[in-house]
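The next block holds one structure in the form of structure tokens; read it before the comments.
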Amino acid sequence: MKSLFRQRSGVFSKITTVPFLLLVIGVGGYSWAQVIVMAFSRLRIEAGQFVWSPAGFDNFRDILANDVALYSVAVTTIFVIATVWLSVLLGLLLALLVQRSKRFNRLAQVVLLWPAMVAPVVVSLIWLLILSPNIGVLNKLLDTFMLPTQDWLGMEVGAIVAIVIVDVWHWTPVAFLMLYTALCAVDEEAVEAARCDGANEWQVIRYVKIPMLMPAILGTIFIRAVMGVKAFDEMYLLTAGGPNNATTLVSLHIRDVFFDQLNYGYGSAFSVLIVLLMSLIIALVLTVRTLRHSRFFMREVQE
Amino acid sequence: MTAGSHAIKAEVATRSKLRRRHSLSDMTSDAVLVLLLLGFVAPIVWMIILAFQSDRAIISMFWEIDLTLDNVASILSPAEPFRAQLVNSIIVVTGTVVLCGAASTLAAYSLSKLRLSGWLNAAVNVSCAVVPLLPPMALVPGFYVTLIQTGLLGSLTGLVILNTILNLPFATLLMKIGFDDIPPALQEAASIDGASEARTFWMIMLPLSMPSLITSSLFTAIMTWNEFLMGLTMTSGGTTSPLSVGIASLVQPYEVRWGQLAAAGSLAVVPIMIASVVASKRIIAGMTRGAVK
Amino acid sequence: MASVEIQSVKKFYGALQALHGVSIQIEDGEFVTLVGPSGCGKSTLLRMLAGLEEISSGTIRIGAAVVNDLPPKDRDIAMVFQNYALYPHMTVAENMGFALKLKNADKGEIRSKVERAANILNLDKLLDRYPRQLSGGQRQRVAMGRAIVRAPKVFLFDEPLSNLDATLRVSMRAEIKSLHQRLGTTIVYVTHDQVEAMTMADKIVVMRDGIVEQVGAPLELYDRPSNMFVAGFIGSPAMNFLTGDIRANGFMTGTCLFPIGENRPDLHGRSAVYGIRPEHLRISEDGIPAEVQLVEPTGSESHLIVKIADQAITCVVRDRVDVRPGDLIRLSPDADRVHLFDPDGENRL
């Protein structure tokens, strides 16, 4: 029986949430309010002080007229789609392999934590040491095998492929861990029943394990997509958005306009737009999910 | 492609002998796994190797080995800001772990075990769900202005507060899951034994939630140690910035000291690699439990 | 020690009513069990006594004081929980002494009280262990020790034996009963197991759907159940019920006539439910013909499931009988132990 007991609320229960709310709603919410106000203002710095003046929708109009801004949304979309699919597929493959393996099971779980735990800044260092045209080990390897060397980060396509690979390398372990945990939770009896029904290893994976993993896979896709939109650190150091803005993710664009061009209103407006766009997509995903659930439910009821 | 070939082999093996362990396909899948693992580890190992290579050997087009401690030594020399940045990072990490630990434990306890008014409950729950979805970069302009207004821009206190805000939702979620696992009968037993709300928390619930608190603190510590964006945008660089920003500043447009770069990166990575070996179970549990919710 | 008085207590969870005005008088030093199927409100009532649930209406007195608005700690009660609720991070001694420690009792006093309680419960050697190092039965005893140490006015037990295996349950049953005889403290004990209730209690409260069905001593409930629910709930195997009509010469169901001990002319001609316990039926030459459907030997006795007038009836026989399914036997009810019920209200006639 679930207990309905909750202690009579005294002073203690009233103050428990105070620090949380003060920090997240107080400081966080206040800061976000500042972003919204700035988005509708023109800001200049005079004698070290901000001077605010109302700007209406000017900042938003500027965004729509700015090729780099629109381009950054496109680049981010491509980046998110590519990294999500690659890291989820690779994570799923790793999860299946690690679960099968008796010898490397423990080792793999520890080793695969490393890329995810390493600071993003260091991740970009690690990959600079590999991709650098001068001292990078990739070119060194190519040279050893008499193949032509390239300035990988200096080419547009090369730079995009590079940031995708780096991100997949960095965050696949997270996808792996989530899928591996879900895989371990799959009812072993269902797998054994399938084997008794004559399913081979591939059929077990295809028709039993993956369908049962579906909720975990969808959850991983969602989390990885959010991480993709958030990405900043690695690309800031690796390509800084270049060459020719080929790798300008939205977060790189915000930093650039806010801190380098000192265009505060525009940067804030772009932040607001990105958050709105994200909320819209998340709301859409949730609606579709709820609709599908209810339709599924209806079908079950009819049967 | 690897998945396909592996599967075909597995199929052949299953057919050939029913319940016998298909050793051939096991070996194939292990081989694929080892190759993948190498792909994930090799880049890190390569950086650590370069940390002990002389600049001459690094630049050379040939595979030279010229081991030296110069890179590490020069990074740690008093002339470099590295030491000050290391101290900054330690201060920020400690402050964030303490502040975030206290705030998340209290909030999670009241969410899980106390009767809260509806809107308080909703406020905490909604922030826990929304904040992790926001790109930190979108919040940077607001944080920047707030810190200027409060005079905390460029200070370690400011960084502690921002890191705490970014980590609080996840930490609270982890702690709430931990508190949910403690049977409510213990709270009832304590109230019959005569303990007040605060004493029940302090003497029963806090000791019992220690494992979750350690896990969530470990997470907060790693996230804060790795944090770069706030350090970059809210400090003025040099000796005022945390370690992550210091490492990034070694990448200069023109003359890059590759050996020092690798040495600094290795110094930042090794503690975390050790932590993940020692506490891998905790980290995995924290990552997956928090994410599933 | 104190008496407990529960007066027309009601409990609402939103629109749902869990208790519909319950009144029970518990004397000082009495061992009372609240028994009933799950969801009958017995645990809710106990938790209201403890102060863990708010009372929607009505009053509860412990001793002379109304405790409705007192927090648990001011009610001077101790509770033994179903899952024991021992503090995992405290030793046995710390668990038992926690309430005294909260009252800022002197260390030596705590030690001596804990040791005395441990002695009563044979926990002397376990005082420095942690709950996880104890067996189920030992944890159960620690939970009781924690209650004893406080010397409360009333002990509350919430299904304390339901997590123990069958053998341990029987021995703990005896242990709790002898503890009650030794301490003489009022006990309110919740269980869903009627055997537990029958063997331990001075007084049993049978509850169903938030209503008290009957209050009485164990044998009183067995001998004179006031309605069909109590009749069926108390006793194992359960009482048989047959539907039919009361005639001048007995009870008619189908073509079979069952004897009724006491002649009740006022009931002649009305339809009724005839209740007879399986142990009050015996095989005899001049009985009512019955077809054996199933034989369940338990060793000491056998349960026969037979068919009379198309109704299934259980019968307990102590002697070994050589019958098989399909055999015809004759059964005689003990006419003095027949219960008659109203088929509509299900109450005793």
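Numbers restart at 1 for each chain; the letters A, B, ... are given by sequence-line order, proteins then strands.
In this structure, chain B has a heavy atom under 4.5 Å from the side chain of A:Leu90, while its backbone stays farther away. With a 4.5 angstrom heavy-atom cutoff, A:Leu177 touches chain B via backbone and side-chain atoms both. When heavy atoms are compared at a cutoff of 4.5 Å, B:Leu261 approaches chain A by way of both its backbone and its side chain. No part of B:Leu243 comes within reach of chain A, as not one of its non-hydrogen atoms sits under 4.5 angstrom from that chain. Contacts of B:Leu147 with chain A are absent, with no heavy-atom separation under 4.5 Å from either backbone or side chain. When heavy atoms are compared at a cutoff of 4.5 Å, A:Ile15 does not approach chain B at all. The contact between A:Leu141 and chain B is made by backbone and side chain atoms together, counting heavy-atom distances below 4.5 Å. In this structure, chain A has heavy atoms under 4.5 Å from both the backbone and the side chain of B:Ser244. For A:Leu129, the parts lying near chain B are the backbone and the side chain together; criterion is any non-hydrogen pair under 4.5 Å. For B:Thr172, the part lying near chain A is the side chain, with the backbone staying farther off; criterion is any non-hydrogen pair under 4.5 Å. Of the atoms belonging to A:Ile254, heavy atoms from both backbone and side chain fall under 4.5 Å from chain B. Contacts between A:Val98 and chain B at a heavy-atom distance below 4.5 Å involve backbone atoms as well as side-chain atoms. Contacts of B:Leu33 with chain A are made by both backbone and side-chain atoms, with heavy-atom separations under 4.5 Å. Interface residue A:Phe222: only side-chain heavy atoms are found under 4.5 Å from chain B. Looking at B:Val269, the atoms closer than 4.5 Å to chain A (heavy atoms on both sides) all sit in the side chain, from C-beta outward. Contact annotation for A:Val226: only side-chain heavy atoms (C-beta onward) come within less than 4.5 Å of a heavy atom of chain B. Only the side chain of A:Ser132 comes within less than 4.5 Å of a heavy atom of chain B; its backbone N, CA, C and O stay farther away. In this structure, the portion of B:Ala268 lying under 4.5 Å from any heavy atom of chain A is its side chain and not its backbone. In this structure, chain A has a heavy atom under 4.5 Å from the side chain of B:Ile283, while its backbone stays farther away. For a residue to count as touching a neighbouring chain, one of its non-hydrogen atoms must lie under 4.5 Å from one of that chain's; by this rule A:Leu23 touches chain B with backbone and side chain alike. In this structure, chain A has heavy atoms under 4.5 Å from both the backbone and the side chain of B:Val124. The contact between A:Thr181 and chain B is made entirely by side chain atoms (from C-beta outward), counting heavy-atom distances below 4.5 Å. Interface residue A:Met38: only side-chain heavy atoms are found under 4.5 Å from chain B. Only the side chain of A:Arg106 comes within less than 4.5 Å of a heavy atom of chain B; its backbone N, CA, C and O stay farther away. Proximity to chain A (any heavy atom under 4.5 Å) is restricted, for B:Leu36, to the side chain, taken from C-beta onward. Residue B:Val130 does not touch chain A at all, counting heavy-atom pairs closer than 4.5 Å.
Listed here is the closest heavy atom pair of B:Gly142 and A:Gln34: CA-CB, 4.2 Å. Scanning both residues, B:Pro43 and A:Ile130, for their nearest heavy atoms gives CB-CD1, 3.7 Å. Here the closest non-hydrogen pair linking A:Gly28 and B:Phe143 is CA-CE2, 4.2 Å. In terms of heavy atoms, A:Val35 sits closest to B:Ala138 at CG2-O, 3.9 Å. When all heavy atoms are compared, the tightest approach of B:Pro135 to A:Ile274 is CG-CG2, 4.3 Å.
For the set A:Leu252, A:Val121, A:Leu237, the entry with the most heavy-atom pairs within less than 4.5 Å of chain B is A:Val121. Ranked by heavy-atom pairs under 4.5 Å with chain A, the list B:Ile48, B:Val34, B:Leu162 is led by B:Val34. Per-residue heavy-atom pair counts under 4.5 Å with chain B were compared for A:Asp233, A:Thr220, A:Val110, A:Leu273, and the maximum is reached by A:Asp233. Counting heavy-atom pairs under 4.5 Å between each of B:Val41, B:Leu133, B:Ile272 and chain A puts B:Leu133 at the top. Contact count against chain A (heavy-atom pairs under 4.5 Å) is highest for B:Leu229 among B:Val131, B:Ile222, B:Leu229, B:Ile247. The candidate from A:Ile25, A:Val24, A:Leu112, A:Val137 with the greatest count of non-hydrogen atom pairs under 4.5 Å with chain B is A:Val137. For the set A:Leu94, A:Val123, A:Val229, A:Leu96, the entry with the most heavy-atom pairs within less than 4.5 Å of chain B is A:Leu94. Contact count versus chain A (heavy atoms, under 4.5 Å) is highest, among B:Thr233, B:Ile161, B:Leu50, B:Val140, for B:Thr233. The greatest number of non-hydrogen atom pairs below 4.5 Å with chain A, out of B:Val277, B:Leu139, B:Ile44, is found for B:Ile44.
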For this session: Starting from the C-alpha separation in whole Å, work towards a yes-or-no answer on side-chain contact (heavy atoms from CB on, under 4.5 Å) for A:Arg255 and B:Met137.
Result: CA-CA 7 Å; A:Arg255 199 213 67 88; B:Met137 190 68 224; 3.5 Å; yes
Exercise. Checking side-chain contact (heavy atoms from CB on, under 4.5 Å) for the pair A:Phe232/B:Leu232: CA distance, chi angles, key distance, verdict?
Worked result: CA-CA 12 Å; A:Phe232 170 80; B:Leu232 175 75; 4.2 Å; yes
For this session: Take B:Leu134 and A:Met278, measure what side-chain contact (heavy atoms from CB on, under 4.5 Å) needs, and give me the verdict at the end.
Result: CA-CA 8 Å; B:Leu134 296 174; A:Met278 258 187 94; over 6 Å; no
For this session: Quick one: do B:Thr164 and A:Phe20 satisfy side-chain contact (heavy atoms from CB on, under 4.5 Å)? Show the steps, please.
Result: CA-CA 10 Å; B:Thr164 302; A:Phe20 182 100; over 6 Å; no
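Ring geometry for A:Trp169 against B:Phe40 counts as parallel: the plane angle stays under 30°, on a 0 to 90° scale with 60° as the upper cut. In this pair, A:Tyr236 and B:Phe228 present their aromatic rings tilted. The plane angle is within the 30 to 60° band.
One finds the CD atom of A:Gln109 at 12.0 Å from the OG atom of B:Ser276 (value rounded to the nearest 0.5 Å). To the nearest 0.5 Å, atom OH of residue A:Tyr30 and atom OG1 of residue B:Thr146 are 5.5 Å apart.
Within the 4.5 Å cutoff, the side chain of A:Leu21 has heavy atoms near those of the B:Leu120 side chain. The shortest distance between side-chain heavy atoms of A:Pro120 and B:Asn226 falls below 4.5 Å.
For the pairing with A:Thr16, the side-chain contact (heavy atoms from CB on, under 4.5 Å) check across B:Leu114, B:Thr105, B:Leu111 returns one residue only, B:Leu114.
Between the side chains of A:Thr17 and B:Ser110, not a single donor N or O lies within less than 3.5 Å of an accepting N or O.
Within the structure, ring-ring contact (aromatic ring centres under 6.0 Å, His included) contacts touching residues 91-114 of chain A (residues at least two apart or in different chains) do not occur.
Checked by atom type and distance alone, the side chain of A:Lys230 pairs as donor or acceptor with a backbone atom of B:Pro132 at under 3.5 Å.
Within 6.0 Å of CE on A:Met117 lie more than 12 heavy atoms contributed by other residues, nucleotides or ligands.
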